[in-house]
Amino acid sequence: MKIGITCYPVPGGSGVLATELGHQLAKRGHEVHFISHALPYRLDEFATNIYYHEVQVSTYPLFDYPPYTLSLASRMCEVARQVGLDVLHVHYAIPFAVAGHLAQGMMGDRAPKLVTTLHGTDITLVGADKSFFEITKYSIDISDRVTAVSNYLATKTRVEFGTQRPIDVVHNFVDTTRFYPQEAHACRSDLAPNGEKIVMHLSNFRPVKNITGVIQMFHRLTEDVPATLLLVGDGPESGAAMTLAQKLGIGERVRFMGNQQRVENLFSCADVFLLPSYYESFGLAALEAMACGVPVVAADVGGVSEVIENGVNGYLVGPDDYDGGGEKLKMLATDDSLHESFKNAALATVKNKFTAEHIVPLYEKVYLAG
Ligand code: GMT
């Protein structure tokens, strides 16, 4: 098939998933066309069967806000005509589904099928904002097929928007040829020269990620265990994280890595991954950690329990339960046999449910469905 993909190109779960899906579809022989205003964050090297079509966003003194959605719709239509797209798969409802719908309208009979994947905050935060409510509801209604990344998100969407339309649940997946337990990367000796334990957090540092929880839970751990916190990613809460770490006297134990392309190398240095978000529709970063054999302590919110089984392959705590989170970090950092059993259970969860081989055919089925 010829598949167009539109996603946010910046670091974030929806863009990562969309790009990883593009890679997997291309490997399976499909022709994949990314349509975006910038190269997606993980589309960082040449790959056979993958093409990139940039959207030029024009501005004009009359426009206070450049009309990106219209430029995108035009580009989607051009690409669809040029290459004969069968499917246009947009990741995140706003504004991509509406742009896709406009492109379909311009294409007439030869329009590609519009598939919209809901990732989480497009429904829970952005979509539920009054000013976006109607357009998000419309985006769901006009898509030919809608998928959601967890059962939780599919149910939440039906309830929030009062829609009965079918939503296929297609969980996130991880590329296990890239994310697997490997020898600790050279950075481990640099980050933990005296054998400290390494806790890692990866996100785009938005308020929903509860960076205060990350620092506080890590702080509880350091009361008993020498440890380093690896913060990977960047965003609006980065500065506050640094300030809080300094205030708690653990500033020197926290390493800010910024946005990194090869996060698998950093996972290979970590002992535990920490994700105490206030909301998480799935938790792709947790899944990547698990694929690298790193047990996760996460908040029991949204669809996280569809990935993490509490007490088996990770721990689930309340997002503001700093003592509970710190205690679980401590258990995994100090009990080697517990760590080994969680590591093996996490690897088995990934292998049995969340590999590309399990999930990508489900997307192909959605593309082919009538
Ligand atoms: O919130 C983020 O970290 C980014 C966000 C996005 O849409 O870019 O991630 C969402 O999509 C991921 C991929 O499907 C999910 O694994 C994340 O759980 C989800 N984030 C939230 O729900 C907060």
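Order of listing sets the numbers, starting from 1, for every ligand and every atom in it. All values reported here derive from a predicted model rather than from experimental measurement.
- Thr117 and His89 form a side-chain donor-acceptor contact under 3.5 Å, judged by distance and modelled atom types alone.
- For ligand 1, the atoms closer than 4.0 angstrom to any heavy atom of Tyr92 are 7 (O).
- For Tyr279, no nitrogen or oxygen atom sits less than 3.5 Å from a nitrogen or oxygen atom of ligand 1, counting backbone and side chain alike.
- At under 3.5 Å, a nitrogen or oxygen of Phe282, whether backbone or side chain, sits near a nitrogen or oxygen of ligand 1.
- With a 4.0 Å heavy-atom cut-off, ligand 1 is reached by no atom of Val16.
- No side-chain donor from either of Ser143 and Asp141 sits under 3.5 Å from a side-chain acceptor of the other.
- Judged by the shortest distance from any of its heavy atoms, Lys209 lies inside the 4.0 Å radius around the atoms of ligand 1.
- Neither side chain, Asp168 nor Thr147, offers a donor N or O lying under 3.5 Å from an acceptor on the other.
- At under 3.5 Å, a nitrogen or oxygen of Leu284, whether backbone or side chain, sits near a nitrogen or oxygen of ligand 1.
- In this structure, Lys137 fails the cation-pi test against Phe161, since its NZ or CZ atom is not both closer than 6.0 Å to the six-membered ring centre and inside 45 degrees of the ring normal.
- Considering backbone and side-chain N/O atoms, Leu17 never comes within less than 3.5 Å of an N/O atom of ligand 1.
- Inclusion of Val149 in the set of residues having an N or O under 3.5 Å from an N or O of ligand 1 is not warranted.
- Ring geometry for Phe96 against Tyr8 counts as tilted: the plane angle lies between 30° and 60°, on a 0 to 90° scale.
- Side-chain atoms of Glu54 and Tyr52 form a donor-acceptor pair, as typed in the model, at a separation below 3.5 Å.
- Of all the heavy atoms of Asp122, none lies under 4.0 Å from any atom of ligand 1, so neither backbone nor side chain is involved.
- Within the 4.0 Å heavy-atom cutoff, Ser203 does not count among the residues contacting ligand 1.
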